[in-house]
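Here's the structure we're looking at; comments come further down.
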Amino acid sequence: MSRLISPSILSADFNNLGKDILMLNQSEADWIHFDVMDGVFVPNISFGLPVIQHVKKIATKPLDVHLMIINPDPFIKPFKDSGADILTVHFEVCNHLHRTVDAIRQEGMKAGVCLNPATPVHFLEDIINEVDMILLMSVNPGFGGQKFIQNTIQKVIRLRRLIEEKQANVLIEIDGGVNFETGKRLFDAGADVLVAGSFVFGAEDPKLTIHQLKNV
Ligand code: DX5
Ligand code: ZN
């Protein structure tokens, strides 16, 4: 199992985004997480392709793009062209998930599938061997700074069991309400990657917080 940190720029200072990206370059962050929201799948609108294109020019870490949009298929190539390295789609919006995951990999990106808090892990049985990552939401998607949903720990344990049963080569990423306390429990339960937005960017020393989160 790995212990990776993917800070979410949803909580960065958009008036000084370049500065925050340079900070992440110098930090122990492994990836940079982008929360793309369409105002339809989730009750919020964030940012899209141009922001990712600009960050790509200065970022030295892989771009981990989380699409909270209802119709991801036509945007797979545009996100690749904008610089995404990992592209994650929601299980709840994909009528033909196998095809969508395949299209992401065909573009040369790592493919992730995300589950909302109410979507059970066993729905992944028949796709787990085709993906690179499963993202479990530990809050209802749409906003940073929400409270961690405790049931996520049980989901991580069940997902780790499924991955072992299926001998799948898949990372488990968790998104929402991550701090030192929930982060430690998530790593102990078998998570590989923690997304953290408000906890990192709201900290007095974000670089130190990333270091400490990695070593909880
Ligand atoms: C929520 C987003 C998260 C969010 C996490 O829809 O997917 O990535 O930025 O924020 P925190 O870490 O503040 O809970
Ligand atoms: Zn996210």
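Both counts, for ligands and for their atoms, begin at 1 and track the order of listing.
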Query raised in the report: Going by the order shown, which atoms of ligand 1 are within less than 4.0 Å of some heavy atom of P141?
Result: 6 (O)
Query raised in the report: Would you say V195 has any N or O atom under 3.5 Å from an N or O of ligand 1, going by distance alone?
Result: no
**Report entry** I9 and I21: CA distance, side-chain angles, deciding distance, side chain to side chain contact (heavy atoms under 4.5 Å, CB included) verdict
**Finding:** CA-CA 9 Å; I9 64 147; I21 300 302; 4.0 Å; yes
Requested in this report: Tell me whether W31 is reachable from I210 by hopping between hydrophobic residues (I, L, V, M, F, W, Y) whose side-chain heavy atoms are closer than 4.5 Å.
Outcome: no
Query raised in the report: Any idea which part of F199 is under 4.0 Å from ligand 1, heavy-atom wise: side chain, backbone, both or neither?
Result: neither
Query raised in the report: Quick check: does S11 get an N/O under 3.5 Å from an N/O on ligand 1?
Result: no
Requested in this report: Number the atoms of ligand 1 from 1 as they appear, then name those within less than 4.0 Å of a heavy atom of D175, with their elements.
Outcome: 2 (C), 3 (C), 4 (C), 5 (C), 7 (O), 8 (O)
Requested in this report: Can you pull out the closest protein heavy atom to atom 10 (O) of ligand 1? Residue, atom name and distance to 0.1 Å, please.
Outcome: G144 CA, 3.5 Å
Query raised in the report: What N/O/S atom of D35 is the closest to the Zn ion (ligand 2)?
Result: OD1
Requested in this report: Have a look at H66 and say which of its N, O or S atoms is nearest the Zn ion (ligand 2).
Outcome: ND1
Query raised in the report: Hey, is the main chain of T119 close enough, under 3.5 Å, to the side chain of N116 for a donor-acceptor pair?
Result: no
Query raised in the report: What's the NE2-the Zn ion (ligand 2)-OD2 angle here (H33, D175), rounded to 10 degrees?
Result: 100°
Query raised in the report: Atoms of ligand 1 less than 4.0 Å from G145 heavy atoms?
Result: 10 (O), 11 (P), 13 (O), 14 (O)
**Report entry** N/O/S from C114 sitting under 2.8 Å away from the Zn ion (ligand 2)
**Finding:** no
Query raised in the report: Is a side-chain N or O of R99 found less than 3.5 angstrom from the main chain of D73, in a donor-acceptor match?
Result: no
Report summary line: the protein heavy atom lying closest to atom 1 (C) of ligand 1 turns out to be F143 O, 3.6 Å
Report task. Examine distances only and state if a side-chain atom of K19 and a backbone atom of D13 form a donor-acceptor pair shorter than 3.5 Å. Result -> no
Query raised in the report: Heavy atoms, side chains only, cut-off 4.5 Å: are K80 and L87 in contact?
Result: no
Query raised in the report: Nearest to atom 13 (O) of ligand 1, what protein heavy atom do you find, and at what distance?
Result: S198 OG, 2.5 Å
Query raised in the report: Where does S8 meet ligand 1, judged by heavy-atom distances below 4.0 Å: at the side chain, the backbone, both, or neither?
Result: side chain
Requested in this report: Go through ligand 1 atom by atom and flag the ones less than 4.0 Å from a non-hydrogen atom of M37.
Outcome: 6 (O)
Query raised in the report: Can an N or O of G176 be found at a distance shorter than 3.5 Å from an N or O of ligand 1?
Result: no
Query raised in the report: What are the atoms of ligand 1, with element, lying closer than 4.0 Å to any heavy atom of M137?
Result: 7 (O)
Requested in this report: Give the atoms of ligand 1, by number and element, whose distance to some non-hydrogen atom of G142 is under 4.0 Å.
Outcome: 1 (C), 6 (O)
Query raised in the report: Does even one non-hydrogen atom of F148 get within less than 4.0 Å of ligand 1?
Result: no
Query raised in the report: Short question: side chain of S138, backbone of F148 - any donor-acceptor pair under 3.5 Å?
Result: no
Requested in this report: Might you work through the side chain to side chain contact (heavy atoms under 4.5 Å, CB included) test for I127 and H98, ending with a clear yes or no?
Outcome: CA-CA 7 Å; I127 196 72; H98 188 280; 4.1 Å; yes
Query - Distance filter under 4.0 Å to H33 heavy atoms, resulting ligand 1 atoms - result: 8 (O)
Query raised in the report: Is it true that a side-chain atom of Q146 and a backbone atom of N140 form a donor plus acceptor pair closer than 3.5 Å?
Result: yes
Query raised in the report: Would you say G197 and ligand 1 have an N/O pair spaced under 3.5 Å apart?
Result: yes
Report task. Give a yes or no answer on whether the side chain of R158 reaches the backbone of P120 with a donor-acceptor pair at less than 3.5 Å. Result -> no
Report task. Any chance you could lay out the side chain to side chain contact (heavy atoms under 4.5 Å, CB included) test for E173 and H66, step after step, and finish with the verdict? Result -> CA-CA 11 Å; E173 183 178 50; H66 174 194; over 6 Å; no
Query - Atoms of ligand 1, numbered as shown, that sit under 4.0 Å from any heavy atom of A196 - result: 12 (O)
Report task. Just need the protein heavy atom nearest to atom 14 (O) of ligand 1, so name the residue and atom and give the distance. Result -> G177 N, 2.8 Å
Report task. With V216 as reference, evaluate R3, R185, E181 under the side chain to side chain contact (heavy atoms under 4.5 Å, CB included) test and give the passing residue. Result -> R3
Query raised in the report: If two hydrophobic side chains count as joined below 4.5 Å and joins carry through other members, does V193 share a cluster with L135?
Result: no
Query raised in the report: Purely on distance, is any nitrogen or oxygen of D35 under 3.5 Å from one on ligand 1?
Result: yes
Query raised in the report: With hydrophobic residues grouped by side-chain heavy-atom distances under 4.5 Å, do F75 and V40 end up in a single group?
Result: yes
